[in-house]
Amino acid sequence: MVAPAALDFQGSSVDLARALIGAVLLVDGVGGPIVETEAYDAEDPASHSHRGPDARNASMFGPPGHAYVYRSYGIHWCLNLVCREAGHGAGVLIRALEPTEGLDRMRTRRGPVVDLLLCAGPGRVGQALGITPAHDGLPLDRAPFELRPAALRADVVVGPRIGISKAQEMPWRFGLRGSRFVSRRFP
DNA sequence: CTTTCGATGATCT
DNA sequence: GATCATCGAAAGG
């Protein structure tokens, strides 16, 4: 038995975003393997942390290995995993995962959608996993979170991030090659 | 397949 | 007043 390498929350958000593909993320037992992520950093104009700490992004400047939850378009709750050193302001947005655990609870929370769309997008992930502002700042190595590194190095594809107007050209969106559960196809 | 638009509230200019 | 790390429905090709 060989324990899989631990995820490095001290490193860059780009490295973590790539390493998270294939890792299993559960919230209160609901979730599955991550298939899509995006990296954000303090030196990144598209990042919430770019302008420094404030009331919303405080947990992004907190210790690595914790959650940053923000409200998107006044409607959705989206989940990030904080990395680098405390005070830096870097994180990885969880954009999509393959729904494998707690499907019944996901379907209840998401309403009448096909299973393919249960977790295909950051807002959908938040809703399916029951993410709320109460999760903001919580450590990822304890309940209700469970995060298991990918057993094998995943086959990862890269592309530009989605839904941003700044730094659009940066290839900081990562996906599991061939996955049908990503929010959008990769170029 | 594509584009458009309303929802809904915090943040930015 | 405009923008925003979005979603889903509607309308158009």
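Both backbone and side-chain heavy atoms feed into the values below; hydrogens, waters and symmetry mates do not. Bear in mind the structure is a predicted one, so any value in this text is a computation, not a measurement. Reminder, nothing fancy here: chain letters follow the sequence lines and each chain counts from 1.
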Here the distance between atom P of C/dT6 and atom CG of A/L117, to the nearest Å, is 16 Å
Whole-Å distance, A/R173 CZ to C/dA5 P, equals 16 Å
The correct list of stems in which DNA chain C takes part (3 or more consecutive Watson-Crick or G-U pairs, distances under 3.5 Å) is B:1-7 with C:6-12, B:9-12 with C:1-4
Taking 4.0 Å as the cut-off, does a side-chain nitrogen or oxygen of A/R51 come that near to OP1 or OP2 on B/dT13? yes
| query | Is there a donor-acceptor pair closer than 3.5 Å between any side-chain N or O of A/Q168 and the backbone N or O of A/I164? | reply | yes
At under 4.0 Å between heavy atoms, what does A/I164 touch on the DNA or RNA strands: base, sugar-phosphate, or nothing? sugar-phosphate
Judged by nearest nucleotide, the residue sitting upstream toward the 5' end of DNA chain C, A/R124 or A/K166, is A/K166
- Query: Is there aromatic stacking of A/Y40 against C/dA5, centre distance under 5.5 Å, plane angle under 30°?
  - Reply: yes
Q: Report yes if a side-chain nitrogen or oxygen of A/R71 is closer than 4.0 Å to either non-bridging phosphate oxygen (OP1 or OP2) of B/dT11; otherwise report no.
A: no
Side-chain contact check for A/Y73: nearest option of C/dA5, C/dC4, C/dC7 is C/dC4
Original post:
Would you call A/M170 and A/D44 a side-chain contact if the rule is heavy atoms closer than 4.5 Å?
Top reply: no
Taking B/dT11, C/dA5, C/dT6 as options, the one with an atom nearest any side-chain atom of A/H76 is C/dT6
Under 4.0 angstrom, heavy atoms only, what part of the nucleic acid is A/G74 near: base, sugar-phosphate, or nothing? base
Is the distance from OP1 or OP2 of C/dG8 to the nearest side-chain N or O of A/R110 less than 4.0 Å? yes
